[in-house]
Structure formats: C-alpha cells, structure tokens
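Comments concern the structure below.
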Amino acid sequence: MLRSSQPLTGPNRRRCREDELLLATVLDEDERGFIIDTRSAQAAKQARMSGGGTESKSFYPQWRRLHRPLERGRPLQESFIKLVEACNDSSISMDRWLSRLDGSRWLSHVKAALSTACLAAQCLDREKASVLVHGAEGTDTTLLVTALAQLILDPSCRTLLGFQGLLQREWIEAGHPFHLRCARSAYSHARLKQEAPLFLLFLDCVWQLSRQFPFSLEFSEQLLLTLFDSAYASAYGTFLCNSEKERCLCKVKESTHSLWAWLNQPGEKKKYLNPLYTHNPLVIWPSVEPQSIQLWQGLFFRWIRSSQYLDEAWAEIQHLVESS
Amino acid sequence: VENVRLLDRLSSRKSALGTLYLTATHVIFVENDSETHKETWILHSQISSIEKQATTATGCPLLIRCKNFQVIQLVIPQERDCHDVYISLIRLARPVKYEELYCFSFNPKLDKEEREQGWKLVDLNKEYNRMGIPNNYWQISDVNRDYGVCDSYPTEVYVPKSATAHIIVGSSKFRSRRRFPALSYYCKDNNASICRSSQPLSGFSARCLEDEQMLQAIRKANPGSDFIYVVDTRPKLNAMANRAAGKGYENEDNYSNIKFQFIGIENIHVMRNSLQKMLEVCELKSPSMSDFLWGLENSGWLKHIKAIMDAGIFIAKAVAEEGVSVLVHCSDGWDRTAQVCSVASLLLDPHYRTMKGFMVLIEKDWVSFGHKFNHRYGNLDGDPKEISPVIDQFIECVWQLMEQFPCAFEFNERFLIHIQHHIYSCQFGNFLCNSQKERRELRVQERTYSLWAHLWKNRADYLNPLYRAEQSQTQGTLHPQMASCNFLYKFWSGMYNRFEKGLHPRQSVTDYLMAVKEESQQLEEELEVLGERLANLQKSQLNDSKVKSKQQDRSKQLGLSTSNNSLANTPQEYSNDLKSFPSRSPSQGDEEDSALILTQDNLKSSDPDLSANSDQESGVEDLSCRSPSGGGCLPSEDSGKDSDEAVFLAV
C-alpha cells in the first residue's frame, strides 16, 4: 500500500515520466494496481484547474482508479460541531434526536471512512493487488485510509506498541498537520479555516473496530480518549507542530518528552490495555451496515453522563480475566 | 420441494440450494451442501406473514417474515409449487384451534412429575410472601375464586386490608372489564405500593362510592403518605375521548387525596405500526446512514420505548424516593399497565433482576394479570388489529437497562431473546390464551410444558458473567440517567437483526467471560481439594515432596472463542468495483470463509431452537470451552494418590 498526494496534472494534462516510472516499478508486467482517490471524480477533475488532478489511464495503464469521496476540511469540522451541539442539547425530544444526529452527518463519515479502508484492505488481501491512496494533499483523508487499512489487515498494528508505531508512522511522521487541525475543537466560535477533526474520525473508526472485535485490539477505549486529548493539548511533544521538519526546527525532541515513553511505563500502561485481548492473526473485516456503527458514547457523552456503571463493568471484566 | 434457493439478505451473491420441507409444525430448509447439510427450521407459529413476489427468471420468490424478526427469502423454481407452498403456509401459520399448536405435541421426554415440577417452579404466592404479605396492610382475597368478579384476573388477588369484598365488587363494576385495583408490588421498607387496574367508567360525571373507597383503602394501606398518585398511561387526548364512551379517568375532585398524572404512552395500534416501520428499515438493502437514522426516527420506536421507561422511572421514584403509593391504569389495564408496572418493579427490586425473579415478574404482571397473549401475539388466527408488540417493548426496556447497567442483571441478552422467541413459538404452554381462566379450562399445565423449567435447566447459557450480587449496581433501586437522555437508547440489532450474523461481533464477550468464570471456579475448587490433600500428605510426614507447578495456558483452554476458526469472517460487499478486475485470490476464498461461519456455529450465539430439531435439548454441553478442564490440564489424580509428589497448579 502506498500513499502520496495528488499528481500535478494541471489543466494541460502534464505528464511526468519519473512519476509514471515510480508507480510502474511497484507492479509486475502483468499486474494491475488500484488507486483510491479520496475525492469525488468531479472534485478530482476540478482540481486540475488549480494545478492538481488525477492519474490518467493512458499514462498509468496498469492502475485502475477508484473514487471514494471522504469529507475533510471545514465541512468535517462543521459536522463535528453539529454533533457536539446535538449531544449537549438537553432540550431535544426523542422525536428529533436521531434526525439531529443524522443532520450532523458524523456517523455517515465514520461509515464512509471504514468502507474505504476496507476497500483498500480488500484490494490487498483479496485481490492481492497493490494500492495507492491519495486525496489532494495526502495529509488528511489519505492517512485516515492507510492507517485504518493497516489495522484491519495487520495484527501487529493492533498491539499497544504496534498501534503507537502505526500512529507515529501514518499520522505524525507522514505529516498530518496536527497543530492546524487540532486547534480549538468543537466549542470555539473561531472557525479556523485549517481546523478539521480527521484524527478524531480515525479514533472513532478505531473505536468501532474495538466494539466489533472486542478481543482483537490490545488497547482500550481509554487509550483512544487519551490520544484525542493529547492531539489538542498535551504535556508531551509527540503531537506538536505540523510536520517532521517543523518538529526538527523547533527542536521538539530535545526540549520535550515523548507521550509514548510515558504511556508505556508499567504503571501507566495498565490503564490502556484491553483485558480481553488475545492475539488474532486474521484480518478483521468490520460490518459497515448502519446498525453496526454506533455513536461513540464514551467520547461524545464523556462529560454529560456518568460512566460509573460502565467503569464498574470493565473493572469486573478485568477482575474476571485476571483471576483466571 | 427440491431445488429451492435460500437467499442471503445482505449479500445477494450468497445463496444456498436445497430442499424445502413442510411438516405439521415446521418449515424446514435443508441445504444440499454435502458437507454441512445445514438446516433452517421455522415454527409455523413464528410466521408472521408470507409474501409471494413477482416471478423472475430464476423462479418464484417467497418471502417469509417471522415474529422473531427472522426474514427468509426462498426462490422456488416452479410457480405451481410456489403457490402450493404459499397456500399451505398460510393455513399452517393460522391455526384455528389451540390443539394445533406445537406445545400440545412437543415432547421433551419428561415424566408427569417432572412436568408438574416444571410448572411449580414459579410460585406467585411465595412471591407475595417474599414481599412481606400478608401483613397489617395487605391481604390475599378469594373474592375472584371462580372468576366471578373479573374473568381476566387471577383467582388470587392481593388487596388492602380495609377493602372488603363489597368494596371490591362495587369497584369492579365501575372499571372497564371489571379490572378493579389490585396489588402489583409492595415495598416493605416504606409501605408504598404499586396497584393496577383499568380505567374507571366515569364518563363525564359518573361516580362510584365503592371505587372511591377502594382508592382510599390503597392510600390507607400506606400510613407514610397522605395521598396516592393515579397514573394514567394514556395520552390525555385518548383518555378524554374515552369519556365520551362512558369511560375515562379519575376526577381529582371526586377521589379524595389523589394526585392525577397522564404519562402519554401510545396505544397498541400506534405500536404495531411503529414496529412495522422499523422492520421496513431493517429490510432495506444497503441503506445509507441517513436512510437508517431517518427510518428509525420516523418509526418512532425508540420514542415509545423511552415513554414506557420514563413512566416506569416516575413510578419507581414515587415509591422509592417519595414513599407514595401509585395506582396505574391505561384503558383495559392489560397492556401499557403491565409494561409500566413491570419496568417499575425491575427498577425498584433487585430480586426481579435475578433469573428466577424475572420469570416471577413476567408471571405476575403479564401472565396472571391477564395480558392477552393470544390476541397480541397471534397464537390462533384472529383479528390483526389486536396484534401488537407489547411484551416485546417491555423486553426491550430490560435490554436498554442492561446496556446501562451491565452488572445489575443476573441474566444476559440471550435470556431475553429466547423468552421473546418462545412467546411467539407456542412450544411451551405459558403464554397461551388470554387469561388464567382460559388456560385452566384448556388444562394447559397438564398438557404442555413450562418454558421456565426449560430455561432454568439451561440457565448456564443465560447467566451474566458480570453480575455480582453485592455490587453497587445491584443494590436496591436502579437510578437510570435515562429520564432525560435520548442518546442512551440504542437500536437493538441483537433482536431486530438477530439472524444477520454478519452484523454482529463474531465473538461473544459474555460467553468468553462465562467460560473464564467457570474455569476459575473449577480451578478454585480443585485447588481446595488439592490443598486438603497436601495437608493430609504433610501430616503423614513425607520428606521429599516435590512441588510441580504447571503453567496453564489459559487462552488455549478457553478454546472456542480464541481459536482461529471462529474469528474468520468475510468482508461484506464494500464495493462492486472490484468485480471486473481479475480476482487473484484463490477461488475458494469466500466460500471457504462462509463455510467456516456456517459450520462454526457457536451454538450459544445461534439459536438452538431454530437450527436443531426442537425435540432435542438446546445442546450446549458439547462446546469445548464449557467442558470442565480435565484430561490434559491436570495430572491424573489417581496416579498421584500414592506418589511422593504433591501437585500444585500455578495460579
């Protein structure tokens, strides 16, 4: 599985031999590959006007392009804000709650993200074909897809350490602009142009996986909540800046501590482990039917309703498993 | 009929070819696949509707919808055969006499005494005794001993001490269907009670002294409060409309010291339509998130569930926090009243959250108080307008509570699903007819078997591993945060999409934890036994006792849920785009995994009653994860008897 940003085809349908060669080296002569473009066909076409574009079939004959539009940017932030508003609105009657929930479109985005990741995973696992994923910049929806696909396919990404490695590789080092994306969150009135909850969407999808495969992830919901918090504000430097380059310039490694180092301490680590975990070597294919996708109560109602009874249940699970 | 296809709802590619059989009690589809011969059994009683669809090139589709929400789509090659099957099923699914029902031919091979014992498992007299009755305030009355006062009530009713037979009879004449106020639940801590009845025949201005006295008697039976609540579970408009028909509700002016309250739960017709709409949403092919959420909201189903729950919460609060007694009624006092009283009881009393207690609750508020099982769930062919998912809603309220309070119930989701299943299956006699009187006339207890005994025998399947009697969740009253929280109500896909295996987590956490728990308990017992043996050995002064510790690989023992096979699942159809590309995966791919899913049927997560011959026990004994850890795990005890070695298990 490869990732990139969009080819700079432009309105004049430029070519780049080196780019074509690079992609050609990935495939054998008779092999085919898939390109998953996270923009709609129309948006991708329009991108040409501003210098971007898509891989044309004539220049990349071995690659078949599939479009799977995933929401990003301002509309995704609006979706997030609407959802949080709906969750906090105690005046909504039961008649209206579901349509408010749907109006935010958040769960639709979760469904779309999971479906696309599954598609990528299917290409690799079922079709045994290589996949190239990109959107426009290659820093948002692209990473969402590649990271989720790896969780689905690769059991080593589902361990506590493996997951951290996945985040480090597919989100942090791949250049997701955390500083811009995770700035003010849902309550702020300042609608920043670059703010968008892609990382939260990713964590939500991971939570969906953990619900559907309760034994297959080594880490617990608590880890996901901690990561969500840390992306916005943290005592650690792991999620700072927008790229490795910026982190280097700001001397992050020299002047801050790593979140991973702290999380992995034996005392801390316990909180983030899933007591039900057993190594599952197989691919985990989630159901993306609407009934299977639920609202992540642990996050969205975190401060609205008490989790006392659910915490007790988890403590009991821990107890049962430990005493066996 | 041969060469019939059974289609899979989610994946139109997957279909199974087999033979369709019609018997006196079941429809059976047997797959041709020589390896599995998988059978799908459907009881005629479960069939809700049959639809013959337009003939296509492949044959005649027949859609069977069941009361337990299973939807079967068959394609029968010949139109004539399809028509025959259709006509036969229509007749078979609409029995005219009780004797046609499965419970009268079902034979679990128990003798007469065992059958009797089964019926005695749930004893309502014992239950009222447990509540603390009879006492200074409440007593049992035999005024209805021959069903002379009210034919839909039981022979034994519990009434306030100060309610004489005269008052009871007088009150019954002023109540719809003669269903006078009687005790449902008594809280001995503060003497508050929940009573139930039907609506008064008050019209616009009628009064009845005895009925007023009856309510006073209820109030007097609770010295801690100077008023009672009267809760009408209907929407105000409906109740007022009833007045025009000479019925209605209690006027606060006429009844001294009552506080009247409408709670607004819709009637059986609204509920029937609501379920219908929700099932239509469930049948959508590849719905978007919006389709689903809009469809669900449009059905109003969760709104109704919440309304029932809110009513139960109101009543539980009145009893537990205010110490005020409540009289609940709707129109006839056998639908909404039953729902609301049983939810309130469940919230108030932890006993009803145990398995036995839950059975007792259903016997008390549903069976004995004359909920019209036959009319509501269509045991016999009857008026379709009487059909309504009343008890289904109650069962769902319990599930919603279980999701909120995972440690508070002794039983698990499967228990609820199986109870619902059997309310419609008529395999057991508990839920026949419309009243205790009818059941006795039919001699149900002599001619059929009790569901409760069957469930109790298999109770290991129904336990909640997280239940601990001493935990905070299980003490006393449950305080759901649900009164204001819409979002806490979830769609119950375990019930409404029960048979769509692709939708559910492949591994059951409940089953795994139960296996873990059992394992731990067994090991603890063995540890005790070995500890004693060690003490004995030490006493006989052995010098060189070698201690062998065996490291057990827990995950290996708890085999089924962690073994590879049960984890294998197939991707659903995420995209059609891949089809045109040559597939490089082994052509076996999908089929292999599907076969794994089908044959790997973890018997607990599937329903033994459906896929196996119903005459058998619901077989769970053969699951490796439930078998006692023996053989390879422990050294053989006999060989250790005379040896020098004291053997320990590593904990």
Q) Looking at A:Asp102 and B:Ser290, what are the two nearest heavy atoms and their distance? A) OD1-OG, 2.8 Å
Q: Starting at CG of A:Leu98, measure out to CH2 of B:Trp301 and round the result to the nearest 0.5 Å.
A: 14.5 Å
Q: Could you check A:Gln297 against B:Leu488 for side chain to side chain contact (heavy atoms under 4.5 Å, CB included), going step by step and ending with a plain yes or no?
A: CA-CA 8 Å; A:Gln297 292 201 1; B:Leu488 294 174; 3.6 Å; yes
(Q) Counting only non-hydrogen atoms closer than 4.5 Å, does B:Ser493 touch chain A with its backbone (N, CA, C, O), its side chain (CB onward), both, or neither? (A) side chain
Q. Shortest non-hydrogen contact from B:Val509 to A:Phe215?
A. CA-CZ, 3.8 Å
**Q.** Spacing of A:Ser323 atom OG and B:Glu524 atom CD [to the nearest 0.5 Å]
**A.** 7.0 Å
Q. CE/A:Met94 to CG/B:Leu302 distance, rounded to the nearest 0.5 angstrom?
A. 4.5 Å
Q | Side chain, backbone, both or neither of A:Phe301 within contact of chain B (heavy atoms, under 4.5 Å) | A | side chain
Q) If you tally heavy-atom pairs under 4.5 Å against chain A, which of B:Gly300, B:Ala307, B:Cys282, B:Pro287 wins? A) B:Pro287
Q) When heavy-atom pairs shorter than 4.5 Å are enumerated against chain B, which of A:Ala121, A:Cys118, A:Ala112, A:Cys87 gives the highest number? A) A:Cys118
**Q.** Portion of A:Ser93 that has a non-hydrogen atom of chain B nearer than 4.5 angstrom
**A.** backbone
Q. Any donor and acceptor pair, going by atom type alone, linking the side chain of A:Gln291 with main-chain N or O of B:His504 inside 3.5 Å?
A. no
Q: Please say whether more than 12 non-hydrogen atoms of neighbouring residues, nucleotides or ligands are located less than 6.0 Å from CZ in A:Arg96.
A: no
Q | Steps toward side chain to side chain contact (heavy atoms under 4.5 Å, CB included) verdict (B:Arg468, A:His319) | A | CA-CA 12 Å; B:Arg468 270 210 300 204; A:His319 169 80; 3.7 Å; yes
Q. What is the distance from atom CZ of B:Phe292 to atom NZ of A:Lys111, rounded to the nearest 0.5 Å?
A. 11.0 Å
**Q.** A:Asp95 side chain reached by B:Glu297 side chain, heavy atoms, under 4.5 Å
**A.** no
Q. Relative to chain A, which of B:Asp291, B:Asn298, B:Leu513 shows the most heavy atom pairs under 4.5 Å?
A. B:Leu513
Q | Residue part contacting chain B, namely of A:Val321, when any heavy atom lies under 4.5 Å | A | both
Q. Which atom names give the shortest non-hydrogen contact between A:Ser287 and B:Leu503, and what distance separates them?
A. OG-CD2, 3.4 Å
Q. Does A:Lys45 NZ have over 12 foreign heavy atoms under 6.0 Å away?
A. no
Q) Of the listed residues (A:Pro290, A:Ala86, A:Gly103, A:Ser292), which shares the most heavy-atom pairs with chain B below a 4.5 Å separation? A) A:Pro290
Q: Can you tell which part of A:Arg105 gets under 4.5 Å to a heavy atom of chain B, answering side chain, backbone, both or neither?
A: side chain
Q) With a 4.5 angstrom heavy-atom cut-off, which part of A:Ile284 approaches chain B: side chain, backbone, both or neither? A) backbone
Q: Hey, could you give me the CG/CZ distance between A:Leu310 and B:Phe405, rounded to the nearest 0.5 Å?
A: 9.5 Å
Q) A:Ile304 and B:Phe487: side chain to side chain contact (heavy atoms under 4.5 Å, CB included), yes or no, with the steps? A) CA-CA 11 Å; A:Ile304 300 174; B:Phe487 49 74; 3.9 Å; yes
Q. Just wondering, do B:Cys407 and A:Tyr309 contact through their side chains at under 4.5 Å, heavy atoms?
A. no
Q) What part of B:Glu403 is in contact with chain A, defined as an atom under 4.5 angstrom from a non-hydrogen atom: side chain, backbone, both or neither? A) backbone
